[in-house]
Amino acid sequence: MSRSPQPLVYIVSAPSGSGKSTLVKKLLGVVPDLDFSISYTTRAPRGVEQNGKQYHFINRQQFEEMIAADQFLEHADVFGNYYGTARQFLEEAEQKGHDLLLDIDVQGAAQIKRKLPEAISIFILPPNRATLEYRLRNRGEDSEEVIQRRLVTASREIENYDKYDYILINDRLDESCEKLCAIVLAERRRRSGQRSRGEDDKYSQVADSCRLSKVREKVQPILASFSVPASSARS
Ligand code: 5GP
């Protein structure tokens, strides 16, 4: 497949517990030439996390020095900690002829879309609130208080679903993974300007079925389960 000269930037956002990390990991294992932007954060490492792998862990002063030096494409305060995407990753992807995947929150996604309007944004939704609550409890990472806070935050994030190009309802993991790969590959094909063939048509069809305009009806019961009024979503 011939490549577009500029890296394609894919943004993936989702409420905590939606299965985003698993999907992103699977995607990176399947799609070639797609780099993951390792964010900088001031939050402390959790569990098996290693510096430079999931995140670059730095302190607030270091983060503020990076802001002052204009080293971030975007940065935001999430749950009281700084998180940011370094420009360096986009430059490196460009040098390698790779595309770049950003796993960032809704504030960061909005900033990237302003700076890079061509970026492709994907919002991952849980099938409903009860499933998200079950997943958060089942992974056994958080206290009850944290689970309740994550659920409130999830509702606020979900209100922004219609600012994204694609919506992925993560009900069955394998199916969602196929859809995510299809979106990435279909966009590559589309932006390369090449005509599609056999397999590409299949990707395009699957990707199209996840476009915001195609899923508006389907997301209504999900919004309702989070008490997000349909009217809060822009038409
Ligand atoms: P966690 O601390 O659970 O890994 O991530 C918390 C939230 O921060 C997630 O929604 C994640 O997508 C978001 N996040 C991670 N890196 C960045 C970043 O570089 N910029 C922004 N804006 N959000 C980020």
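Every number for a ligand or one of its atoms is a count from 1 in the order of the listing.
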For [atom], find the nearest protein heavy atom and state the residue, atom name and distance (0.1 Å precision).
atom: atom 9 (C) of ligand 1; value: K20 NZ, 3.8 Å
atom: atom 20 (N) of ligand 1; value: E74 OE2, 2.7 Å
atom: atom 16 (N) of ligand 1; value: S39 OG, 3.0 Å
atom: atom 4 (O) of ligand 1; value: Y55 OH, 2.5 Å
atom: atom 3 (O) of ligand 1; value: R46 NH2, 3.0 Å
atom: atom 13 (C) of ligand 1; value: D105 N, 3.8 Å

If you measure from each heavy atom of [X] to ligand 1, is any distance below 4.0 Å?
X: S16; result: no
X: Y40; result: no
X: Q111; result: no
X: Q107; result: no

Out of Y83, F72, F89, Y82, whose heavy atom sits nearest atom 8 (O) of ligand 1?
Y83
S37 (side chain) donor-acceptor with F89 (main chain) under 3.5 angstrom:
no
Can you find an N/O atom of R150 closer than 3.5 Å to an N/O atom of ligand 1?
no
Under 3.5 Å: N/O of E49 near N/O of ligand 1
no
When you check the side-chain N and O atoms of N170 and S18, is any donor under 3.5 Å from an acceptor?
no
For the student: nearest non-hydrogen atoms of P127 and R135, plus distance
CD-NH2, 3.8 Å
I need the minimum non-hydrogen distance between Y40 and A86, along with the two atoms involved.
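Y40 and A86 have their closest heavy atoms at CE1-CB, 3.6 Å.
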Proximity of [X] to ligand 1 by residue part, where a heavy atom lies under 4.0 Å:
X: R43; answer: side chain
X: H75; answer: neither
X: H56; answer: neither
X: V78; answer: side chain

Between [X] and [Y], does at least one N-O distance fall below 4.0 Å, as a salt bridge requires?
X: K53; Y: E49; answer: no
X: E92; Y: K96; answer: no
X: K20; Y: D103; answer: yes
X: R87; Y: D70; answer: yes

Hey, does the Lys NZ or Arg CZ of R188 hover above the aromatic six-ring of Y203, less than 6.0 Å from the centre and inside 45° of the axis?
no
Would you call the rings of F63 and H75 parallel, tilted or perpendicular, where under 30° means parallel and over 60° means perpendicular?
perpendicular
State, yes or no, whether a side-chain contact exists between I167 and Y161 at a heavy-atom distance under 4.5 Å.
yes
Within ligand 1, which atoms have a heavy atom of G108 less than 4.0 Å away?
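Near G108, the atoms of ligand 1 are 22 (N).
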